[in-house]
Amino acid sequence: MISQYDWEGGREAMLRFGPDTGPVIVAALPLFEEANRTRAFVVSILRALAQRGVAGALPDMPGQGESCYPLEDATILKMQSAYEAAVESFDRDGRNCYGMAIRSGALLDHLGMIYGRWHLSPQGGAQLLRELTRMKQAEVGRDQKLGAHWYMDADVPTVAVAGNSLSTALLTDLSLKEPWQREDAPDIPHRIVRMESDAQPADLKVAGAPLWRRAEPDNDPALADLLADDIAEWVRACES
Amino acid sequence: MLPEGYETVQKTVRAVLRDTLGLSEERAAAFDSDTPLFGALPELDSMAVAGVLTELEDRLGIIIEDDEVDGEMLETFGALTRYAADKALT
């Protein structure tokens, strides 16, 4: 079902899945290009959760997806506020929200009444900024070498990276933002899942290809089912 | 003689190309050291190069400086594997 929610910057679309009662998984896609590469996959996970009796929602973030909000005016804080507003739209009805985020989506679920966070291969802002810099370098070619703070050298407040018009403020913001850390609130459940090929520590490692790296968007229904099993079990454990 | 661990690096480079470019298992398995990459694989455009390099960094725990990236390094599967092995095994 296509629903909507209001935040201080306007109204955004929100896909909703599953029952109208009980806990809700509020999903956050990665930022920018990786959102396109993982959207079908995340929707598959939310559909699979609905089949398992767990409700889910995928709110559009300001400047992302179908949002009318100009991306060049978006900041991480505004996206965090929008995510918080999406969570509140369920919290008002007495429903417990759980954050589910992929990659840099894990930068967005910091605010609001969230009873637990489930992160797939969370990515820090600095790493994302490094990738954006690498993409920009690929765009401008090897004759022009970009420094680490290339976006600050720009005369204009926005720069184009891989088809996205991003504010220099947002890029500066990224260099400082980190995914939610377990130490931030040890009492709030936080589960980290990573691909087997990823050497960093995780609560669960899964086999498969990282879809966010795919040059063209793709899906992995078998992995979506497996992750939905994990999330459903985790939420039930959190709720009990 | 190839350094110890070279085959592991080669396996990782092969898997990264397969996963990032969406190549079939058979196609990736058929890569040998002379298989041309950049300019020969239609999937490997300059944006995809960024994804390949970043995924290699993550999986091998290495840092690739962008000024080290040139046509030669990406010319063949063998050249890319040698570059990655130099970084990962020393």
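Letters go in sequence order (proteins before strands), and every chain restarts at 1. When reading the values below, keep in mind they use all heavy atoms of this one structure, side chains included, and skip hydrogens, waters and symmetry mates.
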Residues of residues 30-38 of chain B with a heavy atom under 4.5 Å from any heavy atom of chain A, in residue-number order, are none
Give, as side chain, backbone, both or neither, the part of [X] having an atom under 4.5 angstrom from any heavy atom of chain A.
{"X": "B:Leu44", "value": "neither"}
{"X": "B:Val69", "value": "both"}
{"X": "B:Ile64", "value": "both"}

Output, in order, the C-alpha distance, side-chain angles, deciding distance and verdict of salt bridge (Lys or Arg N to Asp or Glu O under 4.0 Å) for B:Asp58 and A:Arg194. CA-CA 12 Å; B:Asp58 287 357; A:Arg194 294 182 188 277; over 6 Å; no
For chain B, find its close neighbours in residues 122-136 of chain A: heavy-atom separation under 4.5 Å, sorted by number, or none. A:Arg130, A:Glu131, A:Arg134, A:Met135
For each of B:Ala50, B:Ala48, B:Ala15, tally heavy-atom pairs with chain A at distances under 4.5 Å, and name the one with the top tally. B:Ala50
Among A:Ala138, A:Ser197, A:Ala209, the residue with the most heavy-atom pairs under 4.5 Å to chain B is A:Ser197
Please determine whether the number of non-hydrogen atoms from other residues, nucleotides or ligands lying under 6.0 Å from atom CD of A:Glu233 exceeds 12. no
Can you tell me if CD on B:Glu72 sees more than 12 non-hydrogen neighbours from other groups inside 6.0 Å? no
Here the pair of heavy atoms bringing B:Gly51 nearest to A:Arg213 is O-CD, 3.8 Å
Name all residues meeting the side chain to side chain contact (heavy atoms under 4.5 Å, CB included) criterion together with A:Ala40; count only those two or more places apart in sequence or in a different chain, and write none if there are none. A:Asn219
Exam field: side chain B:Arg59 to backbone A:Asp198, donor-acceptor pair closer than 3.5 Å: no
Working to the nearest 0.5 angstrom, can you tell me the gap between B:Asp19 CG and A:Trp212 CH2? 10.5 Å
Filter on side chain to side chain donor-acceptor pair (under 3.5 Å), then keep only pairs touching residues 74-83 of chain A, sequence neighbours left out; what's left? A:Tyr69-A:Lys78
